[in-house]
Asks: 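Below you'll find the structure I mean.
In what follows, chains are A, B, ... by sequence order, proteins preceding strands, each numbered from 1.
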Amino acid sequence: MEYAFRAIEQKWKKYWNDEEVYKVSNLSEKPKFYILDMFPYPSGAGLHVGHPLGYIASDIYARYKRLRGYNVLHPMGFDAFGLPAEQYAIETGQHPAVTTEKNITRYREQLDNIGFCYDWDRSVITSNADYYKWTQWIFLQLFHSWYDRKQNRARPIKDLITIFEKEGNSNNPCPDDDQMCFDGKQWKNFSEKEKRDTLMRYRLAYQGYAEVWWCEALGTVLANDEVINGVSERGGYPAERKQMRQWFLRITEFAERLQESLDTLDWSEAMKEMQRNWIGKSNGAEVRFEIQGFYNKHITVFTTRPDTIFGVDFMVLAPEHEIVDEIVASAQRDAVSEYKQYVKSRSERERMAEVKQVTGCFTGAYALHPLSMKPVPIWISEYVLASYGTGAIMAVPSGDERDHLFSKHFDLPITNIFGTNYDGSKAYSDKTGVLDNSEFLNGIEITKASEIAIRAIVDAGAGRKKVNYRMRDAGFSRQRYWGEPFPIVYISNIPYATDEPELDAYPTIQALPLELPLVENYKPGPEGESPLANVEDWVNTLAGKRETNTMPGYAGSSWYFLRYTDPHNDKEFASRTATDYWQAVDIYIGGTEHAVGHLLYARMWTKALYDLGHIGFDEPFKKLINQGMIQGSSRFVFELIVNKMSPKTNARTGRIFVSKSHYENLVKIQTDKEKVIQYLIDNGVAKYDVKDIRPDTKISIIKAHIDVNIVDGLELNVEEFSKRFNITDTNGYIIREDDGKYICDAEIEKMSKSKYNVVNPDDIVEQYGADTFRMYEMFLGPVEMSKPWDTKGIEGVFRFLKKMWRLYFDEQKGWIVTDEKPIEAELRIIHKTIKKVGDDIERFSFNTSVSQFMICVNELAALNCHKRDILEALVVLICPFAPHYAEELWH
RNA sequence: GCCCUGGUGGCGGAAUUGGUAGACGCGCAGGACUUAAAAUCCUGUUUGCCGUAAGGCGAGUACGGGUUCAAUUCCCGUCUGGGGCACCA
């Protein structure tokens, strides 16, 4: 009896399914373990061999933990809202729900083929109404909350109203306008609209006017992390900054906590670093400069180097800074407006491309240095960004490279505050040495001067210590159809959440889910509005107009890990009992591409839900593992193309393909046309004659991708190739190696359809079985590392499974396991393996586990060991890796 | 430019805390079984030199230094692959 993987896998797949073997209960005496994969977006292309890498790793770990006596939650679902489905709908007219469902079915089949132990009963699909009902509900919780900076947590907005009624906002300044100020009495006198507008500026999910990334081609607004170098992440269309009314999440209020608790997480340093970069915390000071000749007018700057305060030689404002028009001197008015016009004309892309170009314009105004009272000229320049800090800087040319370049370019004087450390050729930005030319800071070490300078600034009433963050609030609306609708209705142009008392008279409007209506087409509505704006009987309700934007892709994925704990609950997003039992995800596996998007938003939502008392933990993912990519190993054929030269009459024509060594020979003589043609003739191409070469004859050799599935190693399956390209013995040439093979070239590239290097897991499973496939993916190398796929190598793992099989079965005799007592050598081998494999699984080193299995089986085979005690242990051990196989041997 | 990661045979990779470098697999070469093929099994496979051979001597983990009885591992400098950020004050 040999290893009949197809029958075995069919049998156990059915058994697991029929008996619901992997059903997980929330009621268990066992300790819990929650291991999760980042759920996929079900695209039309299906899975390739790279996708399941992380899934296999987590599946092995889940099965291992289960064997070790844990109650393991290991679910899978689909992140089904998003742009590609909608783009596809625009192109083909097919409803996104239809294509999404089709894709999910296909994904499900592919996943089931690999033998994962998911409890499919817990699966979530973010585009299903019974799921997004709760996405909408959480949005409402954020809408009804504000951030209490003193208690450092999110709180219900009704608490804020109570505070406002009592004392106004003096103790709770407005997050986006610290000038806003009112007392309790004024609050009570506010109109309904004023009250709502004010509250909106505190809410965690709020509507605001802000500059956002607008992508004309996609007809939508994009989040900061969806724009890369000024173009959209999906599709690569140009994006521009535009003032628009949008929904936002006030994630900036969580910046400090998001940054701080990174230290408690077991994530890779690279991942944490990316989040730290994104949050962009910097310590420094805010300093106020009065403007000469104006009463009570000032510019506030943020600086990380208050120690260099005496090196300030000028100030620079962002051209968009609102104070520019107020302070500009009449002599400079034309120059300034001309410069502003110039800046406006430049696209974001141009600005990014020409970073080092120095431009700017003097305003004619002067500010007063807060400590020395020296007047300093005020300039505007595009190198100062309106969106960071206060949109204004104090320029210290001797200590900052950009300020230095600016000074040199406009020939401004430079005050040297670093003594001999500054040599006049470039700025001195190190923090070693002492200060000079700095009044009371003279002779003080740079590292110690900041504190002293800040104290002096505070004493002068000119500023304060300040922490600044680069992160901005996250845009939360899209002018799109295929997303969650907002449960928001406008009454007299004021947005109300559907669960507010104002809508109590309309229970049908209040009900969640607010379902996405069917639309006629997916084209944008008027003025860039979402397609929903076209559905009049949906938009216009008895109470007022509905919000027509939809939520962004990351909404559904920001909390799905909570839903898995209680997926069928129709009273709550998840019961507190369920989330208390399962707690945070113990191990989360996924790619690094979500470092600053999904992972940051999910962390924020978790913190908000925690603050509001809905869950009992404030970090979603304790340990994070980033699986590497499996790259494609592309194959190339070489084609020789001859232009402007006529083939001989009555010779066969057609294309000419040459094998690798011929290609190498031809490349060397490529410039000599005569030699090339002679080479072809020598190799049997009777099509040309050397005497027919013309002066304008062009010879080129191209290297073209060829489907990896018709290449074995480097050897092309010529028969299949000829069939596909319609090359026969009479209408084309394939010049092979001396041994009759056609050898291809190979390169490692990203696996993608356009490179013809995609390997489908279904094909591998069909040929070698799921268990071999699983073990091989692990055997390739560490989970975290990127490595190329090589179908040839799978033979080794396949051979190993067959070899192990023969420890149990004999071709003639059948089952040969005996009840003999093991000898010491055998026990030694199996115990070594148990120790090693166990340790390796614990540290997620599955490639070395597989190696250890191979060693073990080789050693047992050498001892001719067929003893039950030994083999039973081995089967249990291998179960997480090759589950079907192990089940079959076990029974 | 800044930050994070890596660099080990022909290839994927191992060496877990500083302790025999190259496990395991692929590929390649040779051999056994077979009329033959498939399948299976065995041997060799970092490199230079010496030896018919068993074996011996030396070099070697990107490069150059250093610490140590001992370095792929720790430290300093250089080169280089990958990823992230980028006029962020």
Asks: Is it the case that the side chains of A:Ser634 and A:Glu747 hold a donor-acceptor pair, with the cut-off being a distance below 3.5 Å and no angle test?
Replies: no
Asks: I'd like the P distance from B:U17 over to B:C74, given in whole Å.
Replies: 10 Å
Asks: Can you tell me, in whole Å, how much space there is between the C1' of B:U73 and that of B:G18?
Replies: 7 Å
Asks: A:Leu262 has an atom CG; how far is it from atom P of B:C4, in whole Å?
Replies: 15 Å
Asks: Does the gap between the ring centers of A:Trp805 and A:Phe800 come in under 6.0 Å?
Replies: no
Asks: Check the side chains of A:Arg635 and A:Ser633 for a donor-acceptor pair under 3.5 angstrom, ignoring hydrogens and angles.
Replies: yes
Asks: With RNA chain B as reference, determine whether A:Ala392 or A:Ala270 sits nearer its 5' end, using the nearest nucleotide of each.
Replies: A:Ala270
Asks: Looking at A:Asp790 and A:Lys792, is there a salt bridge between them, counting it only when a charged N and a carboxylate O are closer than 4.0 Å?
Replies: no
Asks: Quick one: A:Gln275 CD to B:C85 C1', roughly how many Å, whole number?
Replies: 14 Å
Asks: Taking NZ, NE, NH1 and NH2 as the nitrogens, is one of them in A:Glu859 or A:Lys832 under 4.0 Å from a carboxylate oxygen of the other?
Replies: yes
Asks: Taking atom C1' of B:G83 as reference, at what distance in whole Å does atom CD of A:Glu273 sit?
Replies: 13 Å
Asks: Sticking with atom P, work out how far B:G44 lies from B:G22, rounded to a whole angstrom.
Replies: 14 Å
Asks: For A:Phe798 and B:C24, what is the distance between atoms CZ and C1' respectively, to the nearest whole Å?
Replies: 19 Å
Asks: Expressed in angstrom and rounded to an integer, what is the separation of A:Glu269 atom CD from B:U5 atom P?
Replies: 6 Å
Asks: Quick check for you: among B:C24, B:C4, B:G27, whose closest atom lies nearest to any side-chain atom of A:Lys792?
Replies: B:G27
Asks: Could you tell me which non-hydrogen atom of A:Ile378 sits nearest to which non-hydrogen atom of A:Thr363, and how far apart they are?
Replies: O-OG1, 2.7 Å
Asks: With C1' as the reference atom in both, quote the distance from B:C57 to B:U43 in angstrom, rounded to an integer.
Replies: 25 Å
Asks: What string of B, S and - do you get for nucleotides 7-22 of chain B, 5' to 3', when a contact is any protein heavy atom under 4.0 Å?
Replies: -----BSSSB------
Asks: Please state the P separation for the pair B:C24 and B:U45 - nearest whole angstrom.
Replies: 12 Å
Asks: Indicate syn or anti for B:G9, taking the glycosidic torsion and treating anything within 90° of 0 as syn.
Replies: syn
Asks: Under 3.5 Å for both distances, Watson-Crick or G-U wobble, that's the pair rule; now give the dot-bracket for RNA chain B, with | marking pairs to another strand and [ ] for crossing ones.
Replies: (((((((..(((......[....)))((((((.......))))))(((((....)))))..(((((..]....))))))))))))....
Asks: Establish, yes or no, whether a centroid distance under 6.0 Å links the rings of A:Tyr61 and A:Phe844.
Replies: yes
Asks: Which of the following nucleotides, B:A89, B:G84, B:C24, is nearest to the side chain of A:Thr304?
Replies: B:A89
Asks: When you measure from the side chain of A:Met854, which nucleotide among B:G25, B:A89, B:C87 comes out closest?
Replies: B:G25
Asks: Answer yes if the side chains of A:Asn416 and A:Ser398 hold a donor-acceptor pair under 3.5 Å, and no otherwise.
Replies: no
Asks: Taking N or O atoms only and anything under 3.5 Å, show me the protein contacts with nucleotides 36-43 of chain B, one pair per line.
Replies:
residue	atom	partner	partner atom	Å
B:U40	OP1	A:Lys802	NZ	3.3
B:U40	O3'	A:Arg806	NH2	3.0
B:C41	OP1	A:Arg806	NH2	3.1

Asks: Rounded to whole Å, how long is the line connecting atom CG of A:Leu405 with atom C1' of B:G1?
Replies: 12 Å
Asks: Are any of the side-chain nitrogens in A:Glu766 or A:Arg6 under 4.0 Å away from the carboxylate oxygens of its partner?
Replies: yes
Asks: What distance, rounded to whole Å, do you find between the two P atoms, one in B:C63 and one in B:C50?
Replies: 25 Å
Asks: Would you tell me whether A:Thr300 and A:Glu286 have side-chain atoms, one donor and one acceptor, within less than 3.5 Å of each other?
Replies: no
Asks: When the P atoms of B:U78 and B:G83 are compared, how many Å lie between them, rounded to an integer?
Replies: 23 Å
Asks: Ignoring hydrogens and geometry beyond distance, is a side-chain donor-acceptor pair present between A:Thr848 and A:Asp840 at under 3.5 Å?
Replies: yes
Asks: Give me the distance, rounded to whole Å, that separates B:C69 from B:U16 when you measure between the P atoms they each carry.
Replies: 22 Å
Asks: Quick check, are the ring centers of A:Phe5 and A:Tyr768 under 6.0 angstrom apart?
Replies: no
Asks: So, A:Thr359 and A:Glu382: side-chain donor and acceptor under 3.5 Å apart, yes or no?
Replies: yes
Asks: To the nearest angstrom, how far is A:Arg470 atom CZ from B:C2 atom P?
Replies: 16 Å
Asks: Between A:Leu801 (CG) and B:G25 (P), how many Å, whole number?
Replies: 13 Å
